[in-house]
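For reference, the structure discussed in these notes is given below.
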Amino acid sequence: MMDAVERDRRDYTLGSLDVGDVDPDPVRQLERWIADAVEAGVGEPNAMTLATVDADGRPDARVVLLRRITDDRSLVWFTDRRSTKGAQLAATAHAALVFHWQPLERQVRLRGPVAMLDDAASDAYFASRPRGSRLSAWASHQSQPTPSREAYEQQVEEVEARFDGVEDIPRPPDWGGYALTPVEVELWQGRRSRRHDRLQFRRDGAGGWTVERLQP
């Protein structure tokens, strides 16, 4: 199996990328690329890798789902704040995000500070979730050990009984949203022979962006 992985060679041929091709606001360009991924039928085009660091400075990463981009160009996701990633963000409120759409041979990397959303915003999103997802948020203390799958299912059953007949299930107090405000964004387009196009944007301190091309 690993021999097949090592021998796998694919050339990227679908596009190119130049400064004149993209929006001067890289977050707006990200929105366009997400729309392209939706149109192309990419599964979960809003999936993004969230990278954080623990108390010892060791990196950690997992995939979460982008739920919206705010008017101030921040990227929002939701989770249990008692989770491993929640604890890491509480200690170090900076993170990195990566989107990768292999069928389009595109990638976007972002870095910036992270802030928790307020209760009203978290309540509004929680209320929009399917009932089963709301119940699951109450049933699980994310990232904590459980003795068995059966023990976890018992927690789910207890929550279902607790909220039986309750339509307006409230948001758990430790569940909510986060927003990363990008200060660095890199747009990547695959090219032949690994001669990829990379455009790096940085905040210029005046509300705009500077951009430079990086070697692949």
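Using modelled atom types, no side-chain atom of D18 and backbone atom of D21 make a donor-acceptor pair closer than 3.5 Å. With hydrogens and angles disregarded, no donor-acceptor distance shorter than 3.5 Å links the side chain of D23 to the backbone of P26. A donor-acceptor distance shorter than 3.5 angstrom exists from the side chain of Q155 to the backbone of A139, with no hydrogens or angles considered. A donor-acceptor contact shorter than 3.5 Å is absent between the side chain of T92 and the backbone of L89.
We find that D80 and K85 are not joined by a salt bridge, their nearest charged nitrogen and carboxylate oxygen being 4.0 Å or further apart. Residues D11 and R191 are not paired through a salt bridge, judged by the lack of any N-O separation under 4.0 Å between the basic side chain and the carboxylate.
Two different hydrophobic clusters hold Y125 and M48 under the rule that ILVMFWY side chains link at heavy-atom gaps under 4.5 Å. In terms of hydrophobic clustering, with Ile, Leu, Val, Met, Phe, Trp and Tyr side chains grouped at heavy-atom distances under 4.5 Å, V53 and L110 are assigned to different clusters. The same ILVMFWY cluster, assembled from side-chain heavy atoms under 4.5 Å apart, contains both V159 and V166. V98 and L180 fall into different hydrophobic clusters, where Ile, Leu, Val, Met, Phe, Trp and Tyr residues are linked whenever their side-chain heavy atoms come under 4.5 Å apart, directly or through other members. In the hydrophobic clustering of this structure, V114 does not group with L117; members are Ile, Leu, Val, Met, Phe, Trp, Tyr whose side-chain heavy atoms approach within less than 4.5 Å, directly or through other members.
Nearest heavy-atom pair, R131 versus G165, reported as atom, atom and distance to 0.1 Å: NH2-N, 4.3 Å. Looking at every heavy atom in both residues, P24 comes nearest to F201 through O-CE2, 3.8 Å. Looking at every heavy atom in both residues, S122 comes nearest to G176 through OG-CA, 3.5 Å. Across every non-hydrogen atom of P113 and V183, the tightest pair is CD-CG1, 4.0 Å. When every heavy atom of F78 is checked against every heavy atom of A121, the shortest pair comes out as CE2-O, 4.3 Å. Annotation for L104 and A40: closest pair CD2-CB, 4.0 Å, computed over non-hydrogen atoms.
Atoms CG and CG, from D25 and L30 in turn, are 9.5 Å apart once rounded to the nearest 0.5 Å. How far CD1 of I169 is from CG of L135: 4.0 Å, rounded to the nearest 0.5 Å. In this structure, CG on L65 lies 5.0 Å from CG on N46, to the nearest 0.5 angstrom. We find the CZ-CD distance between R149 and Q154 to be 13.0 Å, quoted to the nearest 0.5 Å. Residue E44 holds its CD atom at 12.0 Å from CG of L66, rounded to the nearest 0.5 Å. Separation of atoms CZ (R81) and OG (S83) is listed at 10.0 Å; rounding is to 0.5 Å.
Side-chain atoms of R62 and T84 form no donor-acceptor pair, as typed in the model, at a separation below 3.5 Å. There is no side-chain donor-acceptor pair under 3.5 Å between Q189 and S16.
When side chains are defined from C-beta on, W33 does not count as touching V38, because their heavy atoms never get closer than 4.5 Å. Put simply, the side chain of H141 reaches to within 4.5 Å of the side chain of R82, judged on heavy atoms. Proximity of P172 to F126: side-chain heavy atoms (C-beta onward) are separated by under 4.5 Å at one or more points. Using a 4.5 Å heavy-atom cutoff, the side chains of E212 and V19 are not in contact. Using a 4.5 Å heavy-atom cutoff, the side chains of I69 and S74 are not in contact. No side-chain heavy atom of L199 sits less than 4.5 Å from a side-chain heavy atom of E186. At least one side-chain heavy atom of W101 sits under 4.5 Å from a side-chain heavy atom of V108. Contact check for T79 versus Q142: side-chain heavy atoms found under the 4.5 Å cut-off.
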Full working for side-chain hydrogen bond (donor to acceptor under 3.5 Å, both in side chains) between Q107 and R109: CA-CA 7 Å; Q107 176 177 279; R109 300 167 58 208; over 6 Å; no
F99 and I34: CA distance, side-chain angles, deciding distance, side chain to side chain contact (heavy atoms under 4.5 Å, CB included) verdict: CA-CA 9 Å; F99 294 85; I34 291 173; 4.3 Å; yes
Chi angles and distances behind the side chain to side chain contact (heavy atoms under 4.5 Å, CB included) call for L97, T49: CA-CA 5 Å; L97 297 170; T49 300; over 6 Å; no
Candidate pair R203 and T210, rule side-chain hydrogen bond (donor to acceptor under 3.5 Å, both in side chains), full reasoning: CA-CA 6 Å; R203 285 290 188 185; T210 60; over 6 Å; no
Salt bridge (charged side-chain N to carboxylate O under 4.0 Å, His left out) evaluation trace for R10 with E105: CA-CA 11 Å; R10 302 184 186 187; E105 300 173 356; over 6 Å; no
V64 vs Y178, side chain to side chain contact (heavy atoms under 4.5 Å, CB included): CA-CA, chis, key distance, verdict: CA-CA 11 Å; V64 299; Y178 291 87; over 6 Å; no
Residues W209, V211; criterion side chain to side chain contact (heavy atoms under 4.5 Å, CB included); working and verdict: CA-CA 7 Å; W209 297 88; V211 59; over 6 Å; no
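When ring centroids are compared, W188 and Y12 come within the 6.0 Å threshold.
Taking the ring axis of W138 as reference, the NZ or CZ atom of R162 stays within 45° of it and closer than 6.0 Å to the ring centre.
Between D123 and the choices R171, R129, R134, the salt bridge (Lys or Arg N to Asp or Glu O under 4.0 Å) rule is met once, by R171.
Surrounding CZ of R198 are more than 12 heavy atoms belonging to other residues, nucleotides or ligands, all under 6.0 Å away. By the 6.0 Å contact criterion, CG on D56 is enclosed, its count of non-hydrogen atoms from other residues, nucleotides or ligands being greater than 12.
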